[in-house]
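Report on the structure given below.
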Amino acid sequence: MGYAIPVQDGVNQAVYFSPRVYSRYQSRHLTPREAICLQKYQQFIADKDVLDVGVGTGRTTGYLAPLARNYEAVDYSPVMVAYARKAMPDVSIQQADFRDLSTFRNETFDFVFATDNVIDALAHEDRLRALGEACRVLRPGKILALSAHNLNYTKAFSGPEFDYHSNPRIFAANFVQYLRRLKNYKRVGRLRTTNSDYALLNDTGHDFACLHYYTARSIMKGQLESVGLRLVEVFDNDGRSIEEGEDDRDSPSLLYVAERL
Ligand SMILES: C[S@@+](CC[C@H](N)C(=O)[O-])C[C@H]1O[C@@H](n2cnc3c(N)ncnc32)[C@H](O)[C@@H]1O
């Protein structure tokens, strides 16, 4: 029997493969916690081999590529790859899937980065496959840094909220966005599921059109360990390194740093 494409995959590919998806990814800035993380783990980046997975339009490329000895970027979206290649013709950007990084040999990289919740577009089994691939291409003792949605976030299960504004033009734009969000919320929201380890939820990302995997730190730790990665530390939304059991309810996602054993 062939591989059945998970429903979650289809929903998210419809968004990430859409013709103008790059227009939502025009920022060139790091978030505070990304900056803190990259600074702290700079020894694994500077003059080292770096892989940026799910690079999108290349927001992070300008920070990593000049530092690294070799910088490789991949994304599974042909639209993102075409855009990024055109914007950064000197950078190696390949169309490849996090679940299958076979374009790279075992133990090729010192730092694998997958920021802005790339992994959460994948269904459960595929998530474990992707983590396994990240582990395989890392050298022993080297680092995976990836962000993932946080099941403890207070608004994880919320629906669209109308953002009132006194300026009539902003009010109108917010209203149009609210209607779009409501429509997507109903359409994709039918696929929401929850079990003891994780939930699949649509959220403000792409106006509720994506279906994201949300889990908690303890589950993520076990998933990393199951493929041969040891959790080193976790950054909250503000870039604070937080301990197990600390309150993380204000963070929509967490940035995990793990070491290949
Ligand atoms: C939220 S965007 C983040 C883009 C970029 N990392 C950033 O921080 O600006 C998620 C990106 O991951 C890519 N992506 C999602 N699933 C992927 C997969 N299985 N393999 C490779 N790329 C994937 C999407 O095409 C999209 O470009």
Side-chain angles (χ1 to χ4, degrees), residues 3 5-38 50-65 71-88 91-104 109 111-134 136-137 144-150 200-214 235 237 239 252-256:
Y3 169 76
I5 296 175
V7 175
Q8 187 187 357
D9 214 12
V11 168
N12 293 325
Q13 285 192 12
V15 171
Y16 287 125
F17 288 27
S18 64
R20 283 188 47 79
V21 63
Y22 55 81
S23 62
R24 288 181 178 247
Y25 293 91
Q26 293 304 307
S27 163
R28 286 292 170 266
H29 301 295
L30 293 179
T31 64
R33 76 168 171 201
E34 287 170 340
I36 289 168
C37 174
L38 296 184
V50 172
L51 173 63
D52 204 339
V53 182
V55 68
T57 58
R59 180 177 62 86
T60 47
T61 304
Y63 300 90
L64 293 171
Y71 172 84
E72 301 279 345
V74 300
D75 201 290
Y76 77 164
S77 161
V79 179
M80 292 293 206
V81 170
Y83 182 93
R85 278 184 180 156
K86 204 169 165 194
M88 301 172 296
V91 176
S92 169
I93 302 165
Q94 302 188 49
Q95 190 181 339
D97 196 306
F98 205 169
R99 289 162 281 199
D100 176 12
L101 298 174
S102 54
T103 181
F104 304 111
F109 296 102
F111 191 80
V112 174
F113 201 39
T115 191
D116 204 8
N117 315 325
V118 174
I119 199 159
D120 293 335
L122 296 174
H124 181 71
E125 295 299 330
D126 288 345
R127 178 185 189 85
L128 299 182
R129 199 167 295 150
L131 290 176
E133 279 293 85
R136 182 184 65 75
V137 301
L144 167 68
L146 88 170
S147 66
H149 284 98
N150 176 20
L200 302 182
L201 302 170
N202 55 342
D203 54 32
T204 54
H206 288 274
D207 293 326
F208 290 83
C210 284
L211 193 60
H212 288 137
Y213 189 108
Y214 278 70
F235 294 100
N237 212 41
S253 65
L254 299 170
L255 177 56
Y256 294 90

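Note that ligands are numbered from 1 as they come in the structure, with each ligand's atoms numbered from 1 the same way. Just so it is clear, the model here is predicted, and its values are computed rather than measured.
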Look at the aromatic rings of His212 and His149 and report parallel, tilted or perpendicular, splitting at 30° and 60°. parallel
Pick from [options]: the one approaching [atom] most closely through a non-hydrogen atom:
| atom | options | answer |
| --- | --- | --- |
| atom 9 (O) of ligand 1 | Arg59, Gln26, Gln13 | Arg59 |
| atom 27 (O) of ligand 1 | Leu122, Thr31, Asp120, Asp75 | Asp75 |
| atom 11 (C) of ligand 1 | Gly54, Ala130, Ser27 | Gly54 |

Hey, mind stepping through Met80 and Val55 against side chain to side chain contact (heavy atoms under 4.5 Å, CB included) and telling me if it holds? CA-CA 8 Å; Met80 292 293 206; Val55 68; over 6 Å; no
Check whether any heavy atom of Ala96 sits under 4.0 Å from an atom of ligand 1. yes
When you compare the side chains of Asp75 and Ser77, does any donor N or O come within less than 3.5 Å of an acceptor on the partner?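 No.
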With a 3.5 Å cut-off and no angle check, do the side chains of Thr60 and Glu34 form a donor-acceptor pair?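 No, no side-chain donor-acceptor contact under 3.5 Å.
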List in chain and number order the residues that pass ring-ring contact (aromatic ring centres under 6.0 Å, His included) with Tyr63, two or more places apart in sequence or in another chain; answer none if no residue qualifies. none
Heavy-atom contacts under 4.0 Å between Thr57 and ligand 1: side chain, backbone, both, or neither? neither
Side chain, backbone, both or neither: which applies to Ala114 and ligand 1 if a contact is any heavy-atom pair less than 4.0 Å apart?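 Answer for Ala114: neither.
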For [X], atoms of ligand 1 separated by under 4.0 Å from a heavy atom:
| X | value |
| --- | --- |
| Phe98 | 18 (C), 19 (N), 20 (N), 21 (C) |
| Val55 | 5 (C) |
| Ser77 | 25 (O) |
| Tyr25 | 1 (C), 2 (S) |
| Met80 | 27 (O) |

Does some side-chain heavy atom of Phe98 sit less than 4.5 Å from a side-chain heavy atom of Arg127?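 SC-SC contact between Arg127 and Phe98 ruled out.
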I'd like to check whether Thr115 has a polar contact with ligand 1, where a contact means an N/O of the residue lying under 3.5 Å from an N/O of the ligand.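 Min N/O separation from ligand 1 is below 3.5 Å for Thr115.
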Check this for me - ligand 1, Tyr76, N or O atoms closer than 3.5 angstrom, yes or no?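 Yes, Tyr76 has an N/O under 3.5 Å of an N/O on ligand 1.
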For Arg85, check salt bridge (charged side-chain N to carboxylate O under 4.0 Å, His left out) against everything at least two apart and list the hits.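 Per chain and number, Arg85 pairs via salt bridge (charged side-chain N to carboxylate O under 4.0 Å, His left out) with no residue.
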Is the centre of the His124 ring less than 6.0 Å from the centre of the Tyr214 ring? no
Determine whether the aromatic ring centres of residues Phe111 and Phe113 are separated by less than 6.0 angstrom. yes
Can you tell me the protein heavy atom closest to atom 19 (N) of ligand 1 and the distance?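 Closest protein heavy atom to atom 19 (N) of ligand 1: Asp97 OD1, 3.0 Å.
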